[in-house]
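Please read all numbers here as calculations on a predicted model, not as lab measurements. Start at 1 and go down the list; that is how both ligands and their atoms are numbered. As a basis for the values below, the full set of heavy atoms in this structure was taken, side chains included, without hydrogen atoms, waters or symmetry mates.
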Amino acid sequence: MLLVFAFGAALWGFGAVMKVPKRARWNIIGLLYVGVLALHVALPFGHPLRMATGERPEGWLILGGGAALVFLYRYGLQRLRGRAQQAQSTPVQKGTFSHTELNRYARHIALREVGGAGQKALKGARVLVVGAGGLGAPVLQYLAAAGVGTIGVVDDDVVENTNLQRQVIHTDARIGMPKVFSAQAAMQAQNPFVTVRPYHRRLSADIVDELMVEYDLVIDGTDNFDTRYLVNAAAMRAGLPLISGALTQWEGQVSVFDPAQGAPCYACIFPHAPSPELAPSCAEAGVIAPLPGVVGSMMALEAVKLITGAGAPLRGEMVIYDALYGESRKITLKRRVDCTTCGAGVATG
Ligand SMILES: [Zn+2]
């Protein structure tokens, strides 16, 4: 018997040196085994070849049975693994969820106001976020985490060291990278089940209408008034709700501008941009680190409410949060008939 083992091992070793595939080497060992068994069946007891290969066939049969069991077990395991991998890589049809996604969004689906239908609406939603800075950071992170299917982000800035005190979507290693690509990397790392569309450019009048057509909802987290008015007018023309947030030092505000639903637009409330002395930028006036997180999270929450139909969005209302004293209040906003953007005299459509 030992002689056969030595011969088998020599064959295996020779095969390994010659780089014969493992499968072929197993086949040769199998042939050797069948050959030895055939000798035991064909030759009479006491034949020198039989004597040299273990005298009796029982030992070989037991060995063969054991090997067959090991092979069957491994084969079954491989098939199961193959099936699991196939299930994971099967592309999911639009509007349906993979097992991993259902598990991921379980805390949403458990909410009566969201449920499976709300999560499906989130997956089907297309949201455009203007600005990937202080407010954009939490907005983008929570939209991605919440499972908003398509998220567009437009911004022409690159990540700077001074951003990192509050713009938590960016990292030290990504200083110098366009913010939209830095944000995309963070969002896709957090949730690979959403699609991110980065636009590394300044939002300008010549592309804004074309861009809005691709989306159902707009979120404005920019810090300059030209872009705010541009986004507001384009959202009004496209009939899209606009979630708007703003920050100064220790105070933030959030509202949903939606003239298509009878709510005021941004220009109804702020008909003119304030003079630069009255509205200094974050760079000049400063801003406390967690404040964009608070206000941006509220903006993302309004988006989830608008998409799922949960609760009452801040249409015609504004929440003002004073971080220094931990106070918040809500004011009612009225549409202006003489608004130059959405008023009665303005042709809509
Ligand atoms: Zn208006």
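- Between the side chains of N224 and T222, not a single donor N or O lies within less than 3.5 Å of an accepting N or O.
- E101 and S98 are linked by a side-chain donor-acceptor pair at a separation below 3.5 angstrom, with hydrogens and angles left out of the test.
- Residues forming a side chain to side chain donor-acceptor pair (under 3.5 Å) with R166 (at least two apart in sequence, or on another chain): none.
- In this model, no donor atom of one side chain and acceptor atom of the other lie less than 3.5 Å apart for R197 and T150.
- Between the side chain of E251 and the main chain of A323, no donor-acceptor pair closer than 3.5 Å is present.
- Screening F270, Y266, Y229 for a ring pair (Phe, Tyr, Trp, His ring centres under 6.0 Å) with F257, the sole residue that qualifies is Y266.
- Tally of protein N, O or S atoms closer to the Zn ion (ligand 1) than 2.8 Å: 4.
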